[in-house]
Amino acid sequence: MLPPVYSPKEIENDVFRLWRDNRIYEKLKERKGKKFYFVDGPPYTTGRIHLGTAWNKVIKDTILRSLRMRGFSPTDTPGWDMHGLPIEVKVEQELGFKSKRDIESFGVEKFVQKCMDYALRNKDMMTEQFKALAVWMDWEKPYMTIKAEYMNSAWFAIKKAHEKGLLERKKMVVNWCPRCETALAEAEVEYADREDPSIYVKFRLKNGGFVLVWTTTPWTIPANIAVAVNPNLKYAKVRAFRNGSPEVLILAESLLDVLAKGYETWEVLETFLGKELEGIEYEHPLAEEIPYQANIRHRIVLADFVSAENTGCVHVATAHGVEDFELGLKYDLEVFNPVDDRGIFTEQAGKYAGLNVREANEVIIEDLLKKDLLIAEEKIFHRYGHCWRCKTPIIFRATEQWFIRITELKEKMLEEIEKVQWIPEWAGSARFRDWISNAKDWCISRQRYWGIPLPIWICEKCGKMKVVGSITEVEWKDDLDLHRPRIDAVKFNCDCGGVMGRVKDVFDVWFDSGVASWGSIGYPLKSEKFDLWPADFITEGHDQTRGWFYSQLGASLICFDKAPYKAVLMHGFTLDEQGRKMSKSLGNVVEPEEVISQIGIDCFRLYVLSSAVWEDLKFSWEEARNVLRNINILWNTIRFAHTYMSIDRFKAGKEVDLSLEDRWILSRLERFNKEAVSAMERYQLHRVVKAFFEFIIEDFSRWYIPLIRSRVWEEAESKRKLSAYETMFRVLDKSLRIIAPFAPVLAEWLYQNFVKSFRDTKESIFMEEYPKADEDLINEELEDKMKIAKAIVEAGNSARSKARIKLRWPLREMIVETKIKGLEVILDVILKQSNVKEVKFVENFQKELIIKPDFKKIGPILKGKAKEFAEFVSKLKEVPEEMEFEGVKLGKDCLIVEERIPEGYEFAEFSGGRVYINTQLDENLLREAYAREVVRRIQQMRKEMNLNVEEFIVSYVEIDPKLLEGWIEYVKNETRSRELKFANAEGYVKEWEIEDLKIRIGIRRWI
RNA sequence: GGGUCCGUGGCUCAGCCUGGUUAGAGCGUUCGCCUGAUAAGCGAAAGGUCCGGGGUUCAAACCCCCGCGGACCCA
């Protein structure tokens, strides 16, 4: 016997033990199958997996398992992304550090070691969490971005970039985190709302008047070099009055309303296009506070990016804005950067030296006010970039950085993504395409410690550069760690006689994972697996559009001029029930462990795999638990099959005569199989899960099993029984194999405890082949017929319900009124499921039409003759389309037609017609009904007594024996009563009510 | 401002790729039923302008266009 209730925990223990003790995964790994190169997108070693990571790995595992069953030997190396700022920040927090200085004084070597320990510890914890999801990957041999061999793959790429002229060092304005003191990539900037000042400042023009600018970053004013206007926008020179005194100002004509912020009235003196303003010089507003500004000639310049917003005049600080910087290149403006790595003003900033830029905001506003240059000061709530790890607001800063010239690769990238299969299609053709089209050069250098060191050496004497493409060039041996600071000690001799030292930077961590498609197989240090490249398949969340999908494509184009993957499945995000992101601050985080412990691994997997992968998944406990109910139904069907097959020592695989319902369920099975295979090939995992439950619940549990129940209860070697067993077995055996990749633990357990009992099996269900559909068994006509049978039975039940007659009470006849032919084949099915003695199919069931005139309609037309018309109508036997009465033509809408069905019948509609039931019960039917009522109650009592299904009893029924006349044997048979006595109840006694009749029933074990 | 996705009963979703019965599930509500696979299950009822508008078509939840609302990404 199977346990009566599905309890995931025990099953999981059993199966994990089986897999471990018999080394199932390892054995599968030894099999030589067709090659399939899958690359795992490495999760970052943060320490805990969240629902999204769990979902991600479950998708991967499902696909890997299905590939193995389909005869492939997929690569299943898990990856770990272990470098970078997030870990540095965590370690800094643990050590209580505030800035890079703390790290330097602590010692870089010790710090890096701490980072490594942290990453390794987290990797181990997360490995256990993934294993607990029944994810089969090669956990013993993962790829790690911190291994020298892997770092070598990145060096290889950078050397390639250098050879192709795609690596360059240039001064650029970058996103800069003043806390982490490093440049950040676009992908490392997180946008969040924040409040900033919004100020309107006037810059005094040398030839009189002012130009009005607007900014949200007062701290950039000390670095102001120019003011930009749009050459094609109309500007106005106005005379504005404040407290009665006039001032002349220039701003965009369409934006004059902003003057209301600081002036009472104004008048336009003249208008002109922006281009006429080019070259006009002005005085820096803080020239007195910042002596350095005296060296600079400030002037108005032209820029297309200036839009008609705020004042239409943009303050340009070449060191603090990307567009500003580029504009500076065009006009050959000076790049004046008075802000240091920590976001603190340098000596060059004069009065502001030593102030943090955010603190400086206030001081600067104050100074502008004193000089009467501030028109208005407001607050603005806007999206602003923050460091992805420490949440500090970023600043823009011009620095020297190393770049990959992605802009030169753009065209090729767009070309390459067209060759990739995207699931869904728009992930590539729209979303990714859009991202690439907007791509900028990739800043790959970080001024940090925990990362792959940039393999660039520069001669201290002549400035010559050497890019190292392999760790073998730095005399690497197995045990040598290549992280900072050790690598910093490596020097090369320059041809000029000088010494080359390494650039101190490390790689942007996104570059690490970008080389995964060859780094994970050790290329180029090892090349034996490189023939696998490029990847056949990868899958990650939609956030990886700008992350891993992109970094891999860029790195791969540098090295190999083609895309590193052939197919990409993009999945969604996990959100909370209301569709919000899960976050600690909202307190709505659901831990995968918690879910697993509550509903089990398989239930969790089936739940997350049942919604469309590319859509966001709103996690709902209720929905997840619903899946448990479905699993329970599957469990119950298997328990049913198992119970009887075991009693009869059934062995599968014998020739049997299949009956109608057997052939039907097998047809449904093959159809499901066909659907599953086609969905699987298109990575439409949710369709497989949906189809599975629909088949098991709708077809197998609700329809097939009730149909064969009586066959299963037949004694001895009944052929009908054996064919039912064989059919059930085929259905379950195949269904389990189809769903095994999705619900591996459950499928394995049922394979071991159900399938194995009735046929020779392999060691594990995962050594079986994924089933192929046998399309010859699909019988469309039979399926259609059965659909009709279902509809008829349902209509019959509905008619019963109207007549208030329980299904347990047999009925004499059912008349099916329909034009559909050839329903005789389903006669038995209907008889059985409707509990009727006879079923007739007719085209027209006799019924009486009652035709009355619609007085409301005919009254106005026929007036006084209406009564005569009523007489005429009463003689009609059928409804005419049209009639003529006393020379007036009348349509059938003048008639009200009612149907009267014969006395003693009730009906209900179905898609092909109507079903009538005869509601008259005669003596014999009544006795049968009573017999069934008694049986039902005795069965209930047997169950309450916990009797074995096969055990015999003696029954006592306090009822007039006449009521059961002719049905006594039936009752004894059904209830396994050796004796049925109409006497005072003994043993386990209960009182019952059948309709209005009160009876006492007693049963006891037969000894 | 640009791009993408989503919008289907009270709620959560499937169906859309590949147009074709009466648009399906689950949850919830009400009323019934069934049961030796039932710690279960099943049915019925109520509940739908398939976001709105236009187009293509014999036929549109589905394909196309224009809006509206929400989410995400970018500027």
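Below, read A as the first sequence line, B as the second, and so on, with proteins coming before strands; counting in each chain starts at 1.
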Tabulate atom names and distances for all N/O pairs under 3.5 angstrom spanning the protein and nucleotides 41-44 of chain B.
from: B:C42; atom 1: OP1; to: A:Arg702; atom 2: NE; distance (Å): 2.6
from: B:C42; atom 1: OP1; to: A:Arg702; atom 2: NH2; distance (Å): 2.2

Find the distance A:Leu634:CG to B:A37:P and express it as a whole number of Å.
16 Å
Answer yes or no: is there an ion pair linking A:Glu783 with A:Arg671, defined by an N-O contact shorter than 4.0 Å?
yes
With a 4.0 Å cut-off, would you call A:Glu418 and A:Arg433 a salt bridge?
yes
Using a 4.5 Å cut-off on heavy atoms from C-beta on, say whether the side chain of A:Trp809 contacts that of A:Arg932.
no
Charged N to carboxylate O below 4.0 Å: is that the case for A:Glu661 and A:Arg711?
yes
Every protein N/O lying under 3.5 Å from an N/O of nucleotides 8-19 of chain B:
from: B:C13; atom 1: OP2; to: A:Lys618; atom 2: NZ; distance (Å): 3.1
from: B:G15; atom 1: OP1; to: A:His686; atom 2: NE2; distance (Å): 3.4
from: B:G15; atom 1: OP1; to: A:Arg687; atom 2: NH2; distance (Å): 3.3
from: B:C16; atom 1: OP2; to: A:Arg687; atom 2: NH2; distance (Å): 3.0
from: B:C17; atom 1: N3; to: A:Arg682; atom 2: NH1; distance (Å): 3.3
from: B:U18; atom 1: O4; to: A:Arg682; atom 2: NH1; distance (Å): 3.0

Is the shortest side-chain N to carboxylate O distance from A:Lys972 to A:Glu969 below 4.0 Å?
yes
Side chains of A:Asp733 and A:Tyr751: is there a donor and an acceptor less than 3.5 Å apart?
no
Using a cut-off of strictly less than 4.0 Å, decide whether A:Arg709 has a side-chain nitrogen or oxygen near OP1 or OP2 of B:A37.
yes
Flag the pair A:Gln833 / A:Leu707 as yes when at least one side-chain heavy-atom distance between them is below 4.5 Å, and no otherwise.
yes
Most 5' of A:Trp614 and A:Val712 on RNA chain B, judged by nearest nucleotide
A:Trp614
Is A:Asp699 salt-bridged to A:Lys790, cutoff N-O under 4.0 Å?
yes
